[in-house]
Amino acid sequence: CFLSGNSAVGGTVNTEPYNSVTTHSYGGALFNDGTLSIQKSSFSANGCTGAAGDSTSIAGVANQPGSGYGGAVYNARMLSVENSTFALNFAVGGLMVPTPSPDWRPRNASLGSGGAIANAGNASLVHCTFASNSGLSFPTNAFSANGLAVPEAGGSIANDGTVKLEKTILAYSSSNN
């Protein structure tokens with residue numbers, strides 16, 4: 001199986017009359033909320049991006065940016081991957097779009113976690129190769145720091161559950177953790 005060029009993008013839900021809510025994105029190619037077994041597969045250039053936030057609001061509440069979790073795969077339950085390759089996948093936090101306002105301040109950074117896989121359940125990865133995956137986040141002060149994205153948790157794998165790695169290669173992935 002070859003999965004390439006797929007994407008998931010967060011959106012904005014209008015909750016008028018007061019505000020709208022930005023959403024996160026999960027799994028650029030696959031979202032698993034059950035039991036998933038992947039064998040002899042390749043995931044390349046898949047991505048997920050959180051929704052952009054903006055500072056337009058009523059009562060000083062900004063629409064915070066969404067986060068991106070799992071550029072190729074987001075796993076919420078049981079995942080087994082064998083003899084597979086993950087390359088050039090990405091998870092990116094949504095950008096905050098500021099508008100001029102002296103009292104506006106973003107509250108939350110937007111995260112890009114798990115360039116290849118974001119795991120919130122149980123995952124087993126055997127004989128896999130992860131190369132050149134990335135997770136990029138925008139801190140709350142991104143615009144005072146030239147608007148540059150910063151590496152975030154899990155260039156290849158972000159784990160908030162249990163992961164078993166066996167005979168697996170992790171190479172050239174960007175993360176500061």
Side-chain angles (χ1 to χ4, degrees), residues 1-13 21-54 64-97 109-138 142 147-161 163 165 167-177:
C1 182
F2 182 71
L3 294 166
S4 179
N6 298 290
S7 64
V9 180
T12 302
V13 178
V21 178
T22 54
T23 60
H24 306 300
S25 66
Y26 299 88
L30 295 173
F31 176 93
N32 176 46
D33 193 21
T35 300
L36 178 62
S37 179
I38 299 169
Q39 297 176 353
K40 298 179 184 175
S41 296
S42 179
F43 293 81
S44 176
N46 299 291
C48 65
T49 305
D54 65 59
Q64 298 301 312
S67 296
Y69 300 102
V73 177
Y74 178 83
N75 176 50
R77 302 283 174 130
M78 300 292 292
L79 175 66
S80 172
V81 183
E82 295 181 23
N83 300 312
S84 296
T85 301
F86 294 81
L88 302 170
N89 299 290
F90 60 91
V92 180
L95 183 63
M96 191 69 181
V97 181
S110 62
L111 304 177
S113 287
I117 295 175
N119 176 53
N122 294 308
S124 173
L125 310 171
V126 180
H127 289 256
C128 294
T129 299
F130 292 84
S132 300
N133 299 291
S134 60
L136 294 174
S137 297
F138 290 92
L148 301 176
V150 296
E152 185 48 51
S156 281
I157 301 167
N159 181 43
D160 193 26
V163 171
L165 298 174
K167 298 180 183 175
T168 292
I169 297 170
L170 300 170
Y172 305 110
S173 296
S174 65
S175 173
N176 63 346
N177 294 343

Item to check | CA sep, side-chain torsions, deciding dist, call: L88, S132, side-chain contact (heavy atoms from CB on, under 4.5 Å) | outcome: CA-CA 5 Å; L88 302 170; S132 300; 3.7 Å; yes
Next on the checklist: Give me the atom names and distance for the closest heavy-atom approach of A158 to G114.
Outcome noted: CB-N, 3.4 Å
Checklist entry - Atom CG of L3 and atom CG of N89: how far apart are they, to the nearest 0.5 Å? => result 9.5 Å
Checklist entry - Under the salt bridge (charged side-chain N to carboxylate O under 4.0 Å, His left out) rule, what pairs show up with a residue in residues 123-135, not counting sequence neighbours? => result none
Next on the checklist: Would the distance check show the side chain of N122 and the main-chain N or O of G161 forming a donor-acceptor pair, the cut-off being under 3.5 Å?
Outcome noted: no
Checklist entry - Tell me, which pairs form a salt bridge (charged side-chain N to carboxylate O under 4.0 Å, His left out) where one or both residues lie in residues 111-124, sequence neighbours left out? => result none
Next on the checklist: Before you tell me yes or no, could you show the steps for L125 and I157 under side-chain contact (heavy atoms from CB on, under 4.5 Å), namely the whole-Å CA-CA distance, both residues' side-chain angles and the distance that decides it to 0.1 Å?
Outcome noted: CA-CA 11 Å; L125 310 171; I157 301 167; 3.6 Å; yes
Item to check | Between OH on residue Y74 and CD1 on residue I117, distance to nearest 0.5 Å | outcome: 12.5 Å
Checklist entry - Between the main-chain N or O of K167 and the side-chain N or O of H127, is there a donor-acceptor pair closer than 3.5 Å? => result no
Item to check | Side chain proximity check, L170 to L165, heavy atoms < 4.5 angstrom | outcome: yes
Checklist entry - In terms of the angle between their ring planes, are Y26 and Y69 parallel, tilted or perpendicular, with boundaries placed at 30° and 60°? => result parallel
Item to check | ring pair (Phe, Tyr, Trp, His ring centres under 6.0 Å) partners for F43, two or more places apart | outcome: F86
Checklist outcome for this item: Here the pair of heavy atoms bringing A45 nearest to S4 is CB-OG, 4.3 Å
Checklist entry - From L30 CG over to N6 CG, what is the distance, rounded to the nearest 0.5 angstrom? => result 8.0 Å
Item to check | Test side chain to side chain contact (heavy atoms under 4.5 Å, CB included) applied to T129 - qualifying residues, sequence neighbours left out | outcome: T85, I169
Next on the checklist: Please list all pairs meeting salt bridge (charged side-chain N to carboxylate O under 4.0 Å, His left out) that have one or both residues in residues 29-50, counting only residues at least two apart or in different chains.
Outcome noted: D33-R77
Item to check | Atom pair OG (S173) and CZ (F90), whose distance is rounded to the nearest 0.5 Å | outcome: 14.0 Å
Item to check | Donor-acceptor pair, side chain of S25 and main chain of T49, under 3.5 angstrom | outcome: yes
Next on the checklist: How long is the straight-line distance from CD1 of I38 back to CD of E82, given to the nearest 0.5 Å?
Outcome noted: 11.0 Å
Checklist outcome for this item: When rounded to the nearest 0.5 Å, the distance separating CG of N75 from CG of N32 is 5.0 Å
Checklist outcome for this item: On a heavy-atom basis, the closest approach of A91 and G70 is CB-N, 4.1 Å
Item to check | Taking every non-hydrogen atom, the tightest pair across F130 and S156 | outcome: CB-OG, 3.5 Å
Checklist outcome for this item: Residue pairs passing the salt bridge (charged side-chain N to carboxylate O under 4.0 Å, His left out) test with at least one member in residues 111-129, sequence neighbours excluded, are none
